[in-house]
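Before any comments, here is the structure.
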Amino acid sequence: MRLSQAFVPTTKEAPKDAALPSHIYLVRGGFINQVASGIYNFLPFGKRVLDKIRAIIKEELDNAGAQEVQLGFVTPCELWEESGRFKKYGKELLRFKDRKENCFVLGPTHEEMMVALVRGRVNSYKQLPLNLYQINLKFRDEARPRFGLLRGREFLMKDGYSFHATYEDMEREYRLMEETYKRIFTRLGLEFRAVEADVGAIGGSASKEFMVLAQSGEDTIVLCSECEYAANVEAAKRKMPQPPTEAPEFSNFEPFYTPNLKSIEELSDFFKVHPYFFVKAVAKKAVFDENEEIVLFFLRGNDELQEVKAKNAIGADELVDVTDEELEKAGIVPGFIAPYEQECRIVLDDALKGAKGVICGGNKKDYHLIGADLSHFDEALFADIAAVKEGDLCPECGAILKLSKGIEVGHIFQLGTRYSEAMNATFLDKEGKAKPFVMGTYGIGVSRLVAAAIEQNHDEFGCIWPKEIAPYHVTIIVSNTKDEVQVAFANKLYEDLKEAGIEVVLDDRSERFGFKMKDFELIGYPYGVIVGKNLSEGKVQLVKRKSRQKIDIAKEDILKAVIEAVNQK
RNA sequence: CGGGGCGUAGCGCAGUCUGGUUAGCGCACCUGGUUUGGGACCAGGGGGUCGGGGGUUCGAAUCCCUCCGCCCCGACCA
């Protein structure tokens with residue numbers, strides 16, 4: 001491609017609504033532009049990156065035996081009613097009617113469509129297993145789209161669904177997909193982790209998320225400093241913490257006057273006792289399908305509540321905050337809540353099992369109880385509801401755990417029969433009995449990967465594309481387009497590189513040197529060749545985008561040098 | 001959905017509080033010239049329903065009402 005003819009509108013300034021590096025550089029570099037909230041156009045270079053990611057995903061999935069299909073983007077409401085998700089999905093599901101008043105939705109995910117496709121066409125265990133996927137547009141009417149391509153409403157996603165006769169076979173496919181995903185993200189040149197995840201609203205038994213490590217990630221992940229253990233903080237476990245100091249000694253179990261002292265920090269100062277020996281109460285309102293109730297969660301004073309784990313522990317749909325007024329109405333004293341004598345449901349964190357000689361609320365304004373003993377509480381009241389924090393110990397090997405931020409770019413689920421049962425999608429097993437398909441589901445955020453790659457790979461000058469997904473491998477910068485010798489040499493090199501199968505652009509625009517260098521850095525081609533004033537001495541320069549280092553190379557050797565650089569692993 | 005902010009040329013902004021020539025600046029764009037190793041310079045030029053509608057006023061980008069769009073924090077997020 002000759003840049004003099006390319007549609008790559010780069011700008012010096014970023015649009016004011018771009019905040020994250022990926023958003024700023026993708027817009028400034030002329031890869032994408034925003035059309036509406038959460039909706040983006042892909043310009044030629046952005047489209048090339050997207051297509052490269054897509055091609056790698058397809059190649060690896062096909063290689064693993066999956067088959068690509070393409071489902072309708074507009075899907076009939078009836079299918080969603082069958083699975084029960086029409087009601088459950090909420091406003092994110094964009095619904096509309098056609099001219100004949102038929103109800104449709106824009107597909108946010110395609111479990112229903114895929115089950116409907118397979119249902120009736122696959123009837124026998126002999127036709128299983130089957131893994132079908134598509135790389136197609138999705139639409140979710142997000143309450144708050146943000147971060148450019150990272151959380152859009154319209155986005156490109158690869159979604160795959162596998163169908164099996166048994167759970168064992170589904171688990172085998174799940175492991176195969178995990179391996180395949182690892183190969184995909186490795187080929188994309190990204191630093192990532194596969195982490196244990198919460199299954200969330202989609203349901204199912206086990207799931208793993210693939211996280212691209214980046215500061216700006218929305219997810220917090222827990223990583224072991226020694227072993228392979230990695231988990232989303234929403235699902236992370238830990239080894240039971242040990243007391244950080246010797247336990248305080250209380251001669252009695254009795255109320256203690258603590259005027260206006262509510263926070264653990266204040267109490268810890270007051271008693272000169274480590275927060276670990278306090279019992280912290282977190283009150284939430286738990287919302288269920290049919291009703292809602294106040295639930296009190298109790299933790300060690302140095303722990304925080306992990307809401308997803310807490311929600312799962314009681315099987316609630318969601319947890320919402322409660323006001324002090326609501327608590328008082330229920331006979332609870334905010335700030336001084338004890339795990340004793342409560343009318344409402346209580347849950348204690350596992351770390352409190354067998355706790356003795358601790359300090360908790362007194363169920364009375366301005367009083368705490370010292371010397372409390374929790375060892376007689378019913379086992380059933382305990383659950384793992386605390387957020388794993390930096391410095392906690394690995395549940396697998398006992399080494400120190402660290403926290404990191406990640407961008408979720410892939411998610412694999414052992415789904416089971418939730419959709420096949422609801423939609424009556426069955427096959428006949430060896431005994432001739434009808435059974436629902438055992439399913440797995442596997443997603444990759446394709447357009448999100450474009451942004452994630454930049455979140456992880458950029459500097460103050462612009463994008464630094466991993467080689468596999470760069471829009472082009474190399475740009476030839478003609479320093480002075482009025483210099484016919486430079487132009488002729490650059491043209492020849494351009495043709496030779498194309499001939500050699502290198503993806504190359506020729507910056508033949510009549511711009512000055514600095515302008516072209518800035519564009520090179522902004523767009524982030526892995527390599528640049530500068531054809532400039534040193535050509536008269538028989539030299540050109542090879543620039544690596546990442547290091548921004550320029551190396552003089554004899555003009556006869558540059559072709560070989562570029563080919564070597566691009567092909568080197 | 002709750003809280004906050006913004007909307008003036010393709011992009012970034014000033015002007016709005018305190019109403020008053022022809023609405024301005026930088027970048028980008030067009031023409032001519034100079035320049036050519038880090039987003040050049042000189043001269044000339046084009047481009048605006050001041051988000052939409054309504055109102056107040058002799059007069060509205062500016063004040064009032066209303067609708068819309070976009071961004072940020074939070075809630076939410078297979």
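Computed from a predicted model, the values in this text were never measured in an experiment. Basis for what follows: all heavy atoms, side chains included, without hydrogens, waters or symmetry-related copies. Each chain gets a letter, A, B and so on, in the order the sequences are listed, and its residues count up from 1.
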Scan every strand shown for a Watson-Crick or G-U wobble partner of B/G38, both distances under 3.5 Å, and answer none if you come up empty.
none

What distance, rounded to whole Å, do you find between the two C1' atoms, one in B/A60 and one in B/G44?
34 Å

Pick the C1' atom in B/C76 and in B/A28, then give their distance to the nearest Å.
40 Å

Validation row: A/Ile294, A/Ile332 side chains within 4.5 angstrom (heavy atoms)
yes

Ring centres of A/Tyr40 and A/His23 under 6.0 Å apart?
yes

Please give the distance between the C1' atoms of B/G46 and B/A9 as a whole number of Å.
11 Å

Quickly work out the A/Glu142 CD to B/A75 P distance and round it to whole Å.
14 Å

Can you check the distance between B/G55 and B/A75, where both ends of the measurement are the P atom (answer in whole Å)?
43 Å

Before we go on, tell me: are the rings of A/Phe42 and A/Phe31 under 6.0 Å apart, centre to centre?
no

Considering only the C1' atoms, how many Å lie between B/U8 and B/G12, rounded to the nearest integer?
12 Å

Rounded to whole Å, please give me the gap between CD in A/Glu218 and P in B/C77.
12 Å

Spacing of CG belonging to A/Leu61 relative to CD belonging to A/Gln67, to within rounding of 0.5 Å:
11.5 Å

With a 3.5 angstrom cut-off on both distances, give the Watson-Crick or G-U wobble partner of B/C77, or none if there isn't one.
none

Could you check how far CD of A/Glu13 sits from C1' of B/A9, rounded to whole Å?
14 Å

Within this structure, what is the CG-to-P distance between A/Leu93 and B/C77, rounded to whole angstrom?
15 Å

For A/Phe155 and B/C77, what is the distance between atoms CZ and P respectively, to the nearest whole Å?
15 Å

Which base, if any, makes a Watson-Crick or G-U wobble pair with B/G44, both distances under 3.5 Å?
B/C30

Both distances below 3.5 Å, Watson-Crick or wobble geometry, any strand: find the nucleotide opposite B/A14.
none

Distance (rounded to the nearest 0.5 Å) between A/Ser83 OG and A/Lys88 NZ:
10.5 Å

Please check: side-chain N/O of A/Lys280 versus main-chain N/O of A/Asp303, any donor-acceptor pairing under 3.5 Å?
yes

Considering only the P atoms, how many Å lie between B/U62 and B/G15, rounded to the nearest integer?
15 Å

Work out how far the P atom of B/G20 is from that of B/C63, and round it to whole angstrom.
11 Å

The Watson-Crick or G-U wobble partner of B/G59, with both key distances under 3.5 Å, is none

Using a 4.0 Å cut-off on protein heavy atoms (strictly under), produce a 5'-to-3' string for nucleotides 29-45 of chain B with B for base contact, S for backbone-only sugar-phosphate contact, and - for none.
------BBBBBB-----

Run the salt bridge (Lys or Arg N to Asp or Glu O under 4.0 Å) test against A/Glu171 and tell me which residues pass, sequence neighbours left out.
none

Suppose you measure atom C1' in B/C65 against the same atom in B/C25; what distance do you get, rounded to whole Å?
33 Å

note: A/Asp198, atom CG; B/C77, atom P; distance rounded to Å ~ 10 Å

Where each residue is assigned the nucleotide of RNA chain B containing its nearest heavy atom, which of A/Ala14 and A/Lys91 is assigned the position nearer the 5′ end?
A/Lys91

Between CG of A/Asp321 and C1' of B/G2 the distance, given in whole Å, is 12 Å

So if I apply the salt bridge (charged side-chain N to carboxylate O under 4.0 Å, His left out) rule between A/Glu142 and each of A/Arg153, A/Arg151, A/Lys91, which one comes out positive?
A/Arg151

For B/A9, the Watson-Crick or wobble counterpart (both distances under 3.5 Å)
none

Would you confirm whether the ring centroid of A/Tyr472 sits within less than 6.0 angstrom of the ring centroid of A/Tyr525?
no

Cation-pi between A/Arg85 and A/Tyr419: NZ/CZ under 6.0 Å from ring centre and within 45° of the ring axis?
no

Can you tell me if A/Tyr25 uses its side chain to pair, donor with acceptor, with the backbone of A/Ile523 under 3.5 Å?
no

Return a single string for nucleotides 69-74 of chain B, one symbol per nucleotide in 5' to 3' order, where B is base contact, S is sugar-phosphate-only contact and - is none, cutoff 4.0 angstrom on heavy atoms.
-SSBBB

